[in-house]
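What follows is a short report on a single structure.
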Amino acid sequence: QVQLVESGGGLVQPGGSLRLSCATSGFTFRSYVMAWVRQAPGKGREWIAEINSGGGSEYYADSVNGRFKISRDNAKNILYLEMNSLKPEDTAVYYCANELLQYWGQGTQVTVSS
């Protein structure tokens, strides 16, 4: 069974940081371009970050560029998202997925608020 399980979300103050993790199984993780996608309340899903299969090449949406960093540990089949300088508008459910959006996790809630 393909599984993607996000964790690490929670409540954080503006300017704070969080590190999200996505533990995967059931597919050859190291062969896939992976991405993080988020959905804020009342808004559509937004692609925010992508990383190549081997790591080292990263792409970001303008909304998070310079603040977030995507990374992966192919030995552990885990995708990460380091989130810094968080803003209230970053509040959303964060999902990990493969590039073609075939596989999705259930998401983890990130709430940025004082």
- line: Separation between OG (S71) and CD (E82), nearest 0.5 Å, reads 5.5 Å

- line: So NZ of K87 and OG of S63: to nearest 0.5 Å the spacing works out to 9.0 Å

- prompt: Given a cutoff of under 4.5 Å between side-chain heavy atoms of I, L, V, M, F, W and Y, with clusters grown through shared members, what are the other residues clustered with I51?
  reply: V2, L4, V12, L18, L20, F27, F29, Y32, M34, W36, I48, Y60, V64, F68, I70, L79, L81, M83, L86, Y94, Y103, V110, V112

Donor-acceptor pair, side chain of E6 and main chain of G107, under 3.5 angstrom: yes

message: So S53 and S31, do their side chains get closer than 4.5 Å, heavy atoms only?
response: no

- prompt: Quick one: CD on Q13 to OG1 on T111, what's the gap to the nearest 0.5 Å?
  reply: 13.0 Å

message: If we ignore hydrogens and angles and just use 3.5 Å, is the side chain of R67 paired with the main-chain N or O of S85 as donor and acceptor?
response: yes

- request: Heavy atoms only: give me the nearest Y95-G105 pair and the separation to one decimal.
  value: CD2-O, 3.5 Å

query: Hey, is the main chain of G9 close enough, under 3.5 Å, to the side chain of R19 for a donor-acceptor pair?
result: no

query: Going by distance alone, is a donor N or O of one side chain under 3.5 Å from an acceptor N or O of the other, for N77 and T24?
result: no

message: Counting neighbours of CD on E89 that are heavy atoms of other residues, nucleotides or ligands and sit closer than 6.0 Å, is the number greater than 12?
response: yes

task: Find the distance between CD1 (I78) and OG (S21) and round it off to the nearest 0.5 Å.
output: 6.0 Å

- request: With the side chain counted from C-beta on, respond yes when S113 and P88 share a heavy-atom pair under 4.5 Å apart, and no when they do not.
  value: no

message: Give me each pair satisfying salt bridge (Lys or Arg N to Asp or Glu O under 4.0 Å) with a member in residues 45-65, each pair once, sequence neighbours excluded.
response: R38-E46, E58-K69

task: Kindly indicate whether the side chain of C22, heavy atoms from C-beta on, has any atom under 4.5 Å from the side chain of V5.
output: no

Heavy-atom check, side chain of Q39 versus side chain of V37, under 4.5 Å: no

